[in-house]
Engineer: 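Have a look at this one.
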Amino acid sequence: MGLFDKLKEKGRGIVTAAKPADGVEAQPLEQVQQRLLAISGKGIETGSDEGEVVISWSAKVAGAGAGGGEYEYLYRAIRLKLDEDEHSASALCFKTTTEAEVGSGGFSASKGWEKGQHIGSESVQVIAWLGPHRTEGGADERGYKFSWSDLRDPAIEAVTGAGWTYKPRKF
């Protein structure tokens, strides 16, 4: 694998489309939705909003913000617009950090959310995992490392595994 191939693989789903493996037949829309809604993990929640599938991660973390608070809330999400005619899912990332908890339905991505094709990771001290299986007490004293690939990779696998193409979406 050459340098160009390595760069292309690193940008898969971020700057380039992720296509299904050869021979994988496109599944119906409902199957793709089910695969996406089945994604789970610590702090991960899935659902539908305005006709799109939303895969989100949220946690209450030890604060380091300018407000000097003891904790803050991190919200990270990927919204996928499914196109049955093209057998594609276009995805856009959203993130926000707040001093107040966002209630149910908070991932409608209103003003104040940064959007784009986010990459990288963040090391945090989790106080509580949010989402459908809310639990107090998070990671150990070494902290927790959130990575955008924690959301993006399972979404790509769900989409391409169903014979569809995953595409990064522009604003």
Side-chain angles (χ1 to χ4, degrees), residues 4-19 32-33 35-67 69 71-83 88-132 138-139 142-161 164-171:
F4 180 71
D5 292 329
K6 287 180 184 180
L7 289 173
K8 188 175 176 184
E9 181 62 27
K10 288 263 187 205
R12 181 175 177 251
I14 302 166
V15 293
T16 63
K19 296 183 179 188
V32 179
Q33 289 171 324
R35 291 173 64 99
L36 289 166
L37 293 172
I39 294 171
S40 63
K42 283 186 176 181
I44 293 179
E45 183 174 2
T46 60
S48 296
D49 183 53
E50 298 178 4
E52 296 182 348
V53 175
V54 181
I55 304 164
S56 60
W57 175 88
S58 56
K60 180 179 178 181
V61 302
Y71 53 84
E72 56 192 6
Y73 298 89
L74 300 182
Y75 296 94
R76 309 294 184 251
I78 294 180
R79 297 178 62 91
L80 297 111
K81 185 184 296 185
L82 304 177
D83 185 329
S88 68
S90 58
L92 185 60
C93 302
F94 291 83
K95 73 177 186 173
T96 192
T97 301
T98 69
E99 292 181 6
E101 188 170 354
V102 174
S104 177
F107 289 102
S108 60
S110 60
K111 288 189 267 183
W113 288 78
E114 294 178 44
K115 55 186 169 178
Q117 292 301 324
H118 298 298
I119 57 172
S121 61
E122 302 169 71
S123 294
V124 294
Q125 181 64 43
V126 175
I127 296 169
W129 300 105
L130 305 179
R142 292 174 296 172
Y144 174 80
K145 189 173 190 175
F146 167 79
S147 174
W148 280 97
S149 63
D150 296 342
L151 295 178
R152 186 178 286 112
D153 291 350
I156 290 172
E157 175 57 35
V159 169
T160 60
W164 287 38
T165 299
Y166 178 101
K167 298 178 179 179
R169 183 170 75 201
K170 296 181 180 168
F171 311 91

Engineer: Of all heavy-atom pairs between Lys145 and Ser121, which one has the smallest distance, and what is that distance?
Structural biologist: CE-OG, 3.0 Å

Engineer: If you apply the rule side chain to side chain contact (heavy atoms under 4.5 Å, CB included), what do you find for Thr16 with Lys167, and how did you get there?
Structural biologist: CA-CA 7 Å; Thr16 63; Lys167 298 178 179 179; over 6 Å; no

Engineer: Which value, rounded to the nearest 0.5 Å, describes the distance between Phe146 atom CZ and Lys95 atom NZ?
Structural biologist: 9.0 Å

Engineer: Drop me the distance from His118's NE2 to Arg152's CZ, to the nearest 0.5 angstrom.
Structural biologist: 9.0 Å

Engineer: In Å, rounded to the nearest 0.5 Å, how long is the span from CD1 of Ile39 to CG of Asp153?
Structural biologist: 10.0 Å

Engineer: Enter the distance from Trp57:CH2 to Asp150:CG here, rounded to the nearest 0.5 Å.
Structural biologist: 8.5 Å

Engineer: Which heavy atom of Ala89 sits nearest to which heavy atom of Leu82, and what is that distance?
Structural biologist: CB-CD2, 3.4 Å

Engineer: Where the side chain of Thr46 meets the backbone of Leu37, is there a donor-acceptor pair that is under 3.5 Å apart?
Structural biologist: yes

Engineer: Could you work out, with side-chain hydrogen bond (donor to acceptor under 3.5 Å, both in side chains) as the rule, every residue matching Ser147, not counting sequence neighbours?
Structural biologist: Ser149

Engineer: Within a strict 4.5 Å, meaning less than it, do heavy atoms of the Trp148 and Ile119 side chains meet?
Structural biologist: no

Engineer: To the closest 0.5 Å, what do you measure between OG (Ser90) and NZ (Lys81)?
Structural biologist: 5.5 Å

Engineer: For a quick test of reading the model, state the closest non-hydrogen atom pair linking Ala18 to Ile156 and the distance between them.
Structural biologist: CB-CG2, 3.8 Å

Engineer: Return the set of residues passing side-chain hydrogen bond (donor to acceptor under 3.5 Å, both in side chains) with Glu52 (not counting sequence neighbours), or none when no residue passes.
Structural biologist: Arg79, Arg169

Engineer: For a 4.5 angstrom cut-off between non-hydrogen side-chain atoms, does Tyr166 reach Leu80?
Structural biologist: yes

Engineer: Please assess Tyr75 against Thr98 for the test side chain to side chain contact (heavy atoms under 4.5 Å, CB included), listing each intermediate value before the final yes or no.
Structural biologist: CA-CA 8 Å; Tyr75 296 94; Thr98 69; 3.9 Å; yes

Engineer: Checking Ser56 side chain against Glu45 main chain: does a donor-acceptor pair fall under 3.5 Å?
Structural biologist: yes

Engineer: Taking the inter-plane angle between the rings of Trp129 and Tyr144 on a 0 to 90° scale, is it parallel (under 30°), tilted (30 to 60°) or perpendicular (over 60°)?
Structural biologist: perpendicular

Engineer: Ignoring hydrogens and geometry, is there a side-chain-to-backbone donor-acceptor pair from Glu114 to Cys93 under 3.5 Å?
Structural biologist: no

Engineer: With sequence neighbours left out, what residues match Glu122 under side-chain hydrogen bond (donor to acceptor under 3.5 Å, both in side chains)?
Structural biologist: Arg76

Engineer: Should Tyr73 and Leu130 be marked as a side chain to side chain contact (heavy atoms under 4.5 Å, CB included) after you check the CA-CA gap, both sets of side-chain angles, and the distance that decides it?
Structural biologist: CA-CA 9 Å; Tyr73 298 89; Leu130 305 179; 3.7 Å; yes

Engineer: Please report the shortest heavy-atom distance between Leu92 and Gly116, naming the atom on each side.
Structural biologist: CD1-O, 3.6 Å

Engineer: So which heavy atom on Leu151 is nearest to which on Pro154, and how close?
Structural biologist: O-CD, 3.4 Å

Engineer: Shortest non-hydrogen contact from Ile127 to Ala62?
Structural biologist: CD1-N, 3.6 Å

